[in-house]
Amino acid sequence: MMSSSFSVFRVGISFVMMCIFYKSAVYSLPELTPQEYFSTLQPGKASLAYFCQADSPSASIFLEELNKAVKPLQDYGISVAKVNCVKEEASRYCGKGKELMKAYLFRGNILLREFPTDTLFDVNAIIAHVLFALLFNEVKYITTLEGLQNIENALKGKANIAFSYVRAIGTPEHRAVMESAFVYGTTHQFVLTTEIALLGSIGTEDIENAHLYFFHCKPVLDLTQQCRRTLMEQPLTTLNIYRFIKSMEAPLLTEVAEDPQQVSTVHLQLGLPLVFIVSQQATYEADRRTAEWVAWRLLGKAGVLLLLRDSVEVDIPQQANVGFKREEGMPVEFLVLHDIELVISHVENNMYVEEIQEDEDDDIEAPDMGIQDDEVAETVYRDRKRQLPLELTVELTEETFNTTVTSSDSIVLFYAGWQAVSMAFLQSYIDLAIKLKGTSTMLLTRVNCADWSDVCTKQNVTEFPVVKMYKEGENPVSYAGMLGTENLLKFIQLNRISCPVNITSVQKAEEYLSGELYEDLISHSSVSVLGLFSPNMTTAKEDFTEAGRYLKGCVITAVYSKEDVLILSNKYTATLPAMLIARHEEDKVESISLANTHVQDIVQIITNSLLEIFPEITVENLPTYLRLQKPLLILFSDGSINPRYKKAILTLVKEKHLDSLTPCWLNLKNTPVGRGVLQAYFDALPPLPLLVVVNLHSGGQVFAFPSDQAVTEQNLLSWLTKLEAGLESHITILPAQEWKPPLPAYNFLRMMDAAASEHPTRGGPECMKDTGVQEIDEEQREAKSPIRKEPIETLRIKRWNRSNVFKAEKSFRHDNKEL
């Protein structure tokens with residue numbers, strides 16, 4: 001119903017801010033003749049036209065309000081025009097009298113609705129009526145309690161309901177509901193009424209003002225059970241509805257086992273406080289029940305977390321049982337509150353001050369919540385009308401999970417329907433299913449952890465989205481690479497073979513090294529690794545085998561340990577035990593001795609071998625090369641690299657002159673943020689190409705290769721020698737203060753460092769991780785209650801999700817001085 005023409009509309013708070021500040025923009029109302037107007041109509045595009053006599057004085061007030069509606073409606077992809085009725089161009093939409101003019105809503109050249117101008121009495125009424133007409137599927141209008149009950153019963157177990165009461169159609173509250181339905185109408189079923197009696201029948205005492213209820217119907221599987229309802233207590237404004245629905249989509253209860261000062265959830269980003277219920281092992285079950293009760297009471301007002309005192313190294317006062325964090329950046333206040341009502345009143349009293357301050361000044365700017373408006377959320381909104389062929393993947397539930405993953409080789413996507421990154425990656429996952437349709441024996445499945453949190457918890461899913469591979473007789477393997485179709489496809493294809501492969505003859509080994517043995521996989525792995533061992537080198541072979549298993553899905557590895565292994569070792573000048581690395585693109589095989597090396601060393605050697613020796617730096621690969629902890633030798637180029645420069649640098653690499661540096665180049669056309677980086681170094685953009693050395697990890701100095709010298713091996717080596725001797729002056733020093741993300745939850749580099757410290761062998765690209773034996777046991781096979789409990793998010797926030805990669809580009813843009 002809403003076509004891709006609405007793609008200009010951004011999801012999240014940018015949508016809200018657009019609605020708040022549209023008044024300041026001046027957009028003129030185009031005036032057209034009937035012929036001109038109908039020639040502008042496009043198939044699928046909505047358009048509102050007011051047909052009137054050119055000299056009609058009574059239309060001036062309406063035209064003034066219509067002019068105010070031009071900008072907001074255009075932001076929704078709806079064009080607006082005034083059509084002057086002239087005698088020369090008669091139109092059936094032109095009334096016979098000057099006072100009988102109407103406004104008409106078209107989609108393409110099809111008339112959807114006509115509006116008498118007295119119903120469009122101001123800008124709010126205009127926008128509300130137009131969106132109401134367009135959103136007839138997303139917003140159901142009801143007049144009776146029976147109608148509400150029918151919708152509620154039909155949606156149990158399927159979707160939640162946003163039920164709103166407004167005093168009349170066309171009011172500011174009606175407009176706010178319609179604008180919210182425009183964003184969330186495909187996620188939740190909106191229901192609208194203007195009947196006071198209906199509002200009173202659901203238990204509302206205050207029937208003087210507009211109301212909005214959120215009906216939690218999706219978790220309800222028993223048709224006799226009523227959907228739990230949460231009342232939005234704030235006035236019905238677009239901003240308040242946005243915040244309310246976002247808080248409804250967030251986890252009800254979250255367990256945390258880290259410093260509460262570092263915890264950040266969507267609630268803080270929405271301007272809502274956090275309440276920590278402090279728990280310990282001895283009282284865990286009772287504390288959890290209390291936390292769940294508090295969470296339901298504070299739903300929409302605050303985020304509730306269960307803080308495990310025994311699992312954090314933070315000094316929490318011994319008697320404290322509640323923590324309160326008012327907003328991001330403020331310290332956590334620990335309290336002793338033994339009554340649930342005291343906890344509720346403490347939160348509500350603190351929120352009351354904020355509401356009074358907001359009411360005192362209507363012109364005050366709304367909170368800067370652009371942190372929610374990243375490229376991921378925008379993409380999810382832009383594609384929200386895209387019909388994904390979800391039938392290409394199997395949706396798993398608590399009842400079907402074990403049976404499916406134990407009976408077939410399966411890929412399982414664990415995601416959360418309320419999270420933008422999960423929904424963005426779901427599109428990539430479906431694209432993968434399309435690519436593999438009819439060609440793969442692997443079953444592609446998915447689990448929505450927002451609905452089946454118990455399944456995700458038992459599978460040790462602590463972040464979203466996560467992809468795991470289940471094979472019969474093997475431990476599940478977690479995918480830890482970039483969240484994109486091609487990278488995940490590589491992971492699946494390389495897992496078709498069981499690495500390391502056991503090579504049975506010298507001939508097969510040669511075929512393996514040449515790429516012939518697994519020719520169909522070369523496009524996914526340009527490097528093949530072969531371990532060479534004498535039959536008696538058991539320990540070295542076992543270490544290599546373990547390293548190969550660890551890197552499964554990331555690179556192809558194989559083992560040869562027959563009696564005639566010396567044939568290969570002599571041919572490739574390899575001292576056993578050894579490893580041969582075949583680079584298929586370069587048609588080259590190099591040998592590396594594995595004497596006195598262990599699993600970690602082998603993994604590091606292989607992952608380093610996957611790195612290019614002179615890479616083009618991009619948003620995706622920058623963190624990988626930063627991990628090497630070396631100064632960057634960067635050649636900035638406005639397009640393809642000069643072959644002479646490339647040859648000079650590669651020559652120095654081959655001669656080992658650049659071992660202490662990471663040589664790379666940055667194409668400003670592919671990575672435009674490079675211009676901002678250069679401006680941070682030089683104030684003004686210098687002529688290109690340009691070669692610089694950036695010492696990120698020690699001192700922050702930036703050195704520039706002399707612009708009056710040609711980039712040759714001799715000149716470059718001479719310059720680097722002077723630089724190492726301290727004879728070159730830096731052009732700038734990067735600020736010593738640490739660049740910080742807007743919120744701790746966006747500190748992706750810290751998360752990556754934490755992951756690396758926990759897994760020291762993971763120095764290269766993250767491709768997979770053996771997750772160990774999962775809880776697919778008798779405990780999961782116990783009989784379940786036919787009524788599933790409300791989904792409560794118990795996943796711990798130790799390291800936020802691997803969604804970082806989707807947001808890397810945004811972080812990269814904000815971090816011009818990081819290079």
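Numbering starts at 1 and runs along the sequence shown. All values derive from a computational prediction rather than experimental measurement.
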> Hey, mind stepping through Phe190 and Lys140 against side-chain contact (heavy atoms from CB on, under 4.5 Å) and telling me if it holds?
Replying inline: CA-CA 6 Å; Phe190 277 69; Lys140 302 293 186 183; over 6 Å; no

Would you give the length of the straight line joining atom [atom1] of [X] to atom [atom2] of [Y], rounded to the nearest 0.5 angstrom?
X      : Y      : atom1 : atom2 : answer
Thr397 : Asn448 : OG1   : CG    : 11.5 Å
Met232 : Leu236 : CE    : CG    : 5.0 Å
Glu249 : Phe244 : CD    : CZ    : 11.0 Å
Ser279 : Glu285 : OG    : CD    : 9.0 Å
Leu270 : Leu239 : CG    : CG    : 9.0 Å
Thr193 : Leu198 : OG1   : CG    : 4.5 Å

Hey, does [Y] have a side-chain heavy atom less than 4.5 Å from the side chain of [X]?
X      : Y      : answer
Ile142 : Leu192 : no
Ser247 : Leu299 : no
Ile344 : Ile340 : yes
Ile169 : Thr194 : yes
Thr445 : Thr404 : yes

>> Checking Leu390 against Arg446 for the side-chain contact (heavy atoms from CB on, under 4.5 Å) test, could you report, in this order, the C-alpha distance in whole Å, the side-chain angles of both residues, the deciding distance, and whether it holds?
In response: CA-CA 10 Å; Leu390 296 176; Arg446 53 191 166 85; 3.4 Å; yes

Judged by modelled atom types alone, do [X] and [Y] share a side-chain donor-acceptor pair under 3.5 Å?
X      : Y      : value
Tyr242 : Thr237 : no
Glu328 : Ser264 : yes
Thr143 : Glu195 : no
Tyr184 : Gln189 : no

>> Salt bridge check, Arg326 against Glu333: does any charged N sit closer than 4.0 Å to a carboxylate O?
In response: no

> In terms of side-chain geometry, is the basic nitrogen of Glu292 or Arg297 positioned less than 4.0 Å from the acidic oxygen of its partner?
Replying inline: no

> Is the ring centre of Phe215 less than 6.0 Å from the ring centre of His188?
Replying inline: no

> Between Phe163 and His211, does the ring centre distance come in under 6.0 Å?
Replying inline: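 No; His211 has its ring centre 6.0 Å or more from that of Phe163.
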
> Quick one: which of Val191, Leu212, Ile196 gives a side chain to side chain contact (heavy atoms under 4.5 Å, CB included) with Tyr165?
Replying inline: Ile196

Does any N or O in the side chain of [X] come within less than 3.5 Å of the main-chain N or O of [Y], such that one atom is a donor and the other an acceptor?
X      : Y      : result
Asn321 : Val278 : no
Ser311 : Ala257 : no
Thr283 : Ala286 : no

> Checking side-chain contact (heavy atoms from CB on, under 4.5 Å) for the pair Trp296/His216: CA distance, chi angles, key distance, verdict?
Replying inline: CA-CA 11 Å; Trp296 278 114; His216 304 268; 3.9 Å; yes

